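We name chains A, B, ... by the order of the sequence lines, and we start the count at 1 in each one. Only a predicted model underlies this, so the values are computations on that prediction, with no experimental measurement involved.
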Amino acid sequence: MRPILLSGHERALTQIKYNREGDLLFSVSKDQIICVWFAHNGERLGTYRGHQGAIWTIDVDPTSTILASGSADNTIRLWDIKTGKCLKTWDFPTAVKRVEFNEDGTKLLGVTEKRMGHLGTIVVLDVKIDVEAEQDDEKVMTIVCEESKATVAGWSYLSKYIIAGHEDGSVSQYDGKTGDLIYNISIHELNNQLTDLQWSQDRTYFITASKDKTAKLVSAKDLEVMKTYPSDTPLNSATITPKKDFVILGGGQAAMDVTTTSARQGKFEARFYHKIFEDEIGRVRGHFGPLNTVAADPTGKSYASGGEDGYVRIHHFDKGYYDFMYEVERERQNKLSAA
Amino acid sequence: EDAERISSADVAVVEHRRRLLEEWHAWRAAMDEELAEERADLGLVADPVAELLKAKQAEIAPDGAEEQVIE
């Protein structure tokens with residue numbers, strides 16, 4: 001699994017995202033620039049410039065036509081992927097920490113930061129996947145997080161629910177149409193914030209990452225915690241791999257939190273766990289700082305990580321990865337193919 | 001005796017994994033079915049993104065020509 005090193009950002013990576021076809025990788029960073037790369041060779045295709053602050057988040061619509069980004073400059077921007085043109089800017093009172101399209105790309109949610117005089121919110125915007133179209137100015141919905149601010153959020157299957165992860169370690173399920181809170185459940189240790197929330201391909205379940213050093217696999221329908229992946233470092237990101245039943249976790253202690261040099265050893269690695277058996281099955285090293293974001297290629301060919309060190313690394317899976325199977329998995333596969 | 005104890009521990013682990021695998025796939029099958037039903041009840045197409053991509057393709061190449069693939 002020889003990595004491709006993408007150097008183009010000058011500061012820490014904040015989020016990376018593959019498009020649906022898995023041929024493009026988008027990355028955002030504190031350096032205020034959005035980059036797009038060819039996933040197969042790491043060549044940089046272009047940049048999207050305009051944000052006036054650190055960019056925290058990015059998402060691509062399912063047809064790879066438009067790009068949404070959220071920034072510390074208190075805006076969400078929409079971009080034409082092909083030309084790099086900024087199509088729309090929505091202004092907010094505070095920074096935007098997360099954006100995500102729903103499954104058909106008609107709605108975009110944004111998580112806004114809490115600050116003196118402003119509670120954290122989740123806003124919903126109507127979006128047209130059309131670079132010529134006039135986009136609506138008005139928010140169609142605002143969910144105010146009065147208890148604990150949301151740090152991450154996303155759309156479930158059928159856009160039925162908005163699921164949010166909070167600063168206090170809890171997860172909320174809101175009605176996707178009305179914004180009404182249905183459930184709020186503590187799933188991570190109290191006040192260990194959720195740092196990531198990524199979906200399975202059909203959006204019926206998701207994985208969370210938390211500062212409490214664990215990642216959890218949760219059902220969107222009832223917020224049941226189905227699996228827990230314990231690690232030895234605060235986690236910043238977690239993703240579910242298609243094709244193989246694995247999850248990948250990324251994290252690491254921030255330099256300012258490290259008190260002893262020994263604590264630094266071996267923490268800046270992507271960790272692979274078996275999704276169903278919860279065992280750790282391997283680690284991939286390479287970054288010189290914490291992994292801030294990990295993403296799995298939707299087509300199952302590769303995964304990528306973005307680090308505090310300013311690098312993105314793409315790893316294409318080799319034969320050993322695809323062949324790896326537990327005895328009971330092989331047994332099940334044989335049974336199925338015999339049937 | 002030791003070998004026996006180890007092998008019975010192995011058997012227990014394998015049994016446990018087998019159960020986890022079955023439970024997971026049973027849940028997946030139930031969820032797949034539920035999702036398909038809900039989608040049909042709402043009058044939604046089975047794969048909304050496939051429809052979007054078809055529409056986009058038609059827009060790019062109305063004569064049905066293949067979109068240029070950059071390799």
Against chain A, label [X] side chain, backbone, both or neither, depending on which of its atoms sit under 4.5 Å from a heavy atom there.
{"X": "B:Leu52", "value": "both"}
{"X": "B:Glu34", "value": "side chain"}
{"X": "B:Val14", "value": "both"}

Requested in this report: Can you sort out the partners of B:Glu38 under salt bridge (Lys or Arg N to Asp or Glu O under 4.0 Å), two or more places apart, ordered by chain and number?
Outcome: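 Residues passing salt bridge (Lys or Arg N to Asp or Glu O under 4.0 Å) with B:Glu38: A:Lys160.
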
Query raised in the report: In chain order, what residues pass the salt bridge (Lys or Arg N to Asp or Glu O under 4.0 Å) check against A:Asp175, with sequence neighbours excluded?
Result: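 For A:Asp175 there are no salt bridge (Lys or Arg N to Asp or Glu O under 4.0 Å) partners, ignoring immediate neighbours.
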
Query raised in the report: Looking at CG of B:Leu53 and OG of A:Ser64, how far apart are the two atoms once the value is rounded to the nearest 0.5 Å?
Result: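 Those atoms lie 8.0 Å apart.
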
**Report entry** Distance, nearest 0.5 Å, that separates CG of B:Leu44 from CD of A:Glu103
**Finding:**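 The CG atom of B:Leu44 sits 7.5 Å away from the CD atom of A:Glu103.
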
Find out whether [X] and [Y] are in side-chain contact, i.e. whether some heavy atom of one side chain is under 4.5 Å from a heavy atom of the other.
{"X": "A:Arg203", "Y": "B:Leu35", "result": "no"}
{"X": "A:Leu217", "Y": "B:Trp24", "result": "yes"}
{"X": "A:Met226", "Y": "B:Trp27", "result": "yes"}

Under a 4.5 Å cutoff for heavy-atom pairs, which residue among [options] has the most contacts with chain B?
{"options": "A:Lys227, A:Lys221, A:Glu327", "value": "A:Lys221"}
{"options": "A:Asp104, A:Thr63, A:Thr65", "value": "A:Thr63"}
{"options": "A:Lys275, A:His274, A:Glu278, A:Glu43", "value": "A:Lys275"}

**Report entry** Minimum heavy-atom distance A:Asp279-B:Arg17, with the two atoms named
**Finding:**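 Shortest heavy-atom contact: OD2-NH2, 3.8 Å.
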
Report task. Taking all non-hydrogen atoms of both residues into account, name the closest pair between A:Val328 and B:Leu21 and its distance. Result ->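 What the structure gives for the nearest pair is O-CD2, 3.5 Å.
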
Requested in this report: Would you sort out whether B:Asp32 and A:Thr204 count as a side-chain contact (heavy atoms from CB on, under 4.5 Å), showing the intermediate values?
Outcome: CA-CA 9 Å; B:Asp32 282 346; A:Thr204 59; over 6 Å; no

